[in-house]
Amino acid sequence: MHYFLRHTRLYVKLLFLHLRSHLEYNLDFLIGALSSLLGQAASLIFIWAVFSRIPKVQGWTIWEVAFLYGMATIPRGMAEVFMNGSWAMRRLVSSGDFDRLLLRPVPIILQIVTQRFNVTGLTDIAVGASVLGVSASHLGISWNLIDCVFLLVVLVCGMGIIGVVNIATNSLAFWHPDDTGAFQVFVVRFMNLAQYPVTIYGQVLQIFLCWIVPYAFVGYFPALVLLRKNIDHAWLGWFSPVVLIGVSLITSLIWRRGLRHYESAGH
Amino acid sequence: MLSQTSLQIAKIRPVPLPKYASLVLASMERAIAYRKSTLLNLAANAVWITALYYFWSAILSEYTIIDGYDWTKMQTYVVVSYGVNALFSLQFELQMFRAIRNGEIALDLIRPYDYQTSHLAKATGAALVDGVFVGATIASVGVFIMDIYLPAPGTAAVFLVSIVLGFLIKFLISYITGLFCFWTVSSMGLVRTRIAVTNLLSGALIPIEFFPSGLQSIAEFSPFPAAVYTPVSIYLGNLAGGDLWTAIGVQVIWVIALWYVARLLWKPAVRVLVVQGG
């Protein structure tokens with residue numbers, strides 16, 4: 001317990017350090033927030049434009065799709081705020097700065113995760129929460145205690161899945177520090193698809209989103225539970241925590257192999 | 001590696017190319033050298049086309065025809081709009097931003113090139129390589145796997161002209177975004193906004209007819225549809241006779257207008273850059 005508390009404190013401290021350096025640039029904060037708002041607006045307008053022509057897509061109404069969109073967007077924002085640091089891996093490894101992290105008496109993964117703090121994540125969280133709230137009230141969802149706890153748990157698990165997958169892909173830096181990072185971006189962009197009902201995309205992409213990069217467990221499956229959708233696989237919504245644990249185990253294997261492979265940049 | 005090939009080419013070539021043409025060539029070599037990124041780009045394109053394909057297939061199997069788009073026409077829209085949109089890779093845009101951030105731009109400013117024209121030359125090189133790779137894949141997927149239709153020869157010729165104009169508009173939009181990056185240190189936000197707005201308003205995600213009417217008129221008075229939606233509409237045969245030439249004329253006007261807007265922004269942008277110290 002003491003161990004856990006100490007590291008939580010460290011995590012918060014390190015994260016705030018990066019937040020402070022961020023807030024130094026007021027204009028950038030504004031541009032970031034504005035850009036994330038516009039990006040969200042574009043996606044929402046896309047949903048609106050599609051549903052202004054048709055009442056339902058595969059049994060999904062506009063408010064159900066919006067609900068799912070909100071449920072997937074909040075953890076996305078949370079991951080950008082709380083677990084965004086792995087994107088600094090390439091720079092750290094190729095410049096040799098990674099050595100410094102190895103010397104400090106703080107777990108390396110904690111230092112990596114707190115390397116970056118993306119303020120635009122805050123706008124994503126706000127937009128996601130508003131969309132979720134508005135669509136829930138339109139759908140007349142009555143929240144009982146279990147629903148609320150479930151929502152909180154799956155949001156945190158969703159953040160975990162996104163963040164841990166990013167750590168796994170960015171561990172590639174141990175082997176190829178000079179890559180452009182295109183692969184990491186390629187993987188994370190699948191989250192754009194997982195913000196909508198994944199059954200729409202056809203077999204191959206569905207299998208990919210459920211079992212290879214399991215982004216479907218971020219928003220889609222949990223949303224089925226809260227929407228009380230009568231779909232066979234709705235029960236999978238309860239398994240987000242299990243998926244998070246699985247992804248974490250695989251990632252820790254990759255991470256350890258990577259650390260063993262790491263040789264300093266040599267300057 | 002890269003400079004070596006350039007040197008070899010320089011040796012083989014007895015007469016020096018005009019300076020911007022050699023920039024186009026260098027940028028093409030660069031794009032070919034980064035084969036892995038190009039392949040990943042291709043994979044990403046494949047994913048997006050597949051996703052959009054199934055998305056519209058799900059909708060149109062329920063509703064058969066929306067706003068004049070049946071399944072064949074929608075498939076054609078998805079494939080052609082994605083192909084046109086893919087002509088300008090993100091990779092290049094980020095290179096431009098990186099040069100601003102790490103100070104490489106100081107060198108760019110010393111070189112005896114016009115900054116705007118030299119960027120156009122580099123973008124053209126990258127687009128030519130992307131065009132061959134992405135265009136060939138998308139065209140073969142579209143024709144052999146999907147069920148898209150081909151335009152009449154006359155339409156095809158106008159379509160090609162319209163693509164070139166659309167490419168120029170897209171280049172200028174991102175170049176102007178690039179100039180705005182002179183004012184800020186974190187350009188990713190700007191790039192993201194640019195991509196989100198362009199994708200939506202240019203019709204790369206969804207035909208502009210589908211927009212609610214308010215948004216449709218906003219889009220029509222912006223340069224974005226001229227980048228993607230116009231060439232695709234020409235391909236689909238939505239525009240004919242007078243409308244066709246008006247659309248091309250609008251594209252030409254946007255190219256000229258944006259070119260001079262970029263020129264106007266250049267001076268204040270450089271002044272800010274000097275204050276930042278490169």
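Residue numbers begin at 1 in each chain, while the letters A, B, ... track the order of the sequences. Nothing here was measured: the structure is a model prediction, and the numbers come from that model.
Residues A:L34 and B:T193 fail the side-chain proximity criterion, which asks for heavy atoms closer than 4.5 Å. Annotation: side chain of B:I66 is in contact with side chain of A:I54 (closest heavy-atom distance under 4.5 Å).
To the nearest 0.5 Å, the span separating OH on B:Y54 from OG1 on A:T199 amounts to 13.0 Å. To the nearest 0.5 Å, the span separating CZ on A:R53 from OH on B:Y69 amounts to 11.0 Å.
Only the side chain of B:D67 comes within less than 4.5 Å of a heavy atom of chain A; its backbone N, CA, C and O stay farther away. With a threshold of 4.5 angstrom between heavy atoms, B:Y63 approaches chain A through side-chain atoms but not through N, CA, C or O. Heavy atoms closer than 4.5 Å to chain A are found nowhere in B:L201, neither backbone nor side chain. Proximity to chain B (any heavy atom under 4.5 Å) is shown, for A:F46, by both the backbone and the side chain. With a 4.5 Å cut-off on non-hydrogen atoms, A:F208 does not touch chain B at all. The contact between A:V50 and chain B is made by backbone and side chain atoms together, counting heavy-atom distances below 4.5 Å. Residue contact with chain B, scored on non-hydrogen atoms closer than 4.5 Å, involves the backbone and the side chain of A:S36 alike.
Contacts with chain A were tallied for B:P212, B:S61, B:A58; B:P212 has the most, counting heavy-atom pairs under 4.5 Å. Contact tally against chain A (heavy-atom pairs below 4.5 Å) for B:T50, B:L52, B:V47, B:L205: the top residue is B:V47. Among B:A43, B:A51, B:A196, the residue with the largest count of heavy-atom pairs under 4.5 Å with chain A is B:A51.
Shown here is A:W48, whose CH2 atom has no more than 12 heavy atoms of other residues, nucleotides or ligands within 6.0 Å.
Here the closest heavy-atom approach between residue A:A49 and residue B:F211 is recorded as CB-CD2, 4.2 Å.
Between the side chain of B:E62 and the backbone N or O of A:Q58 there is at least one donor-acceptor pair closer than 3.5 Å.
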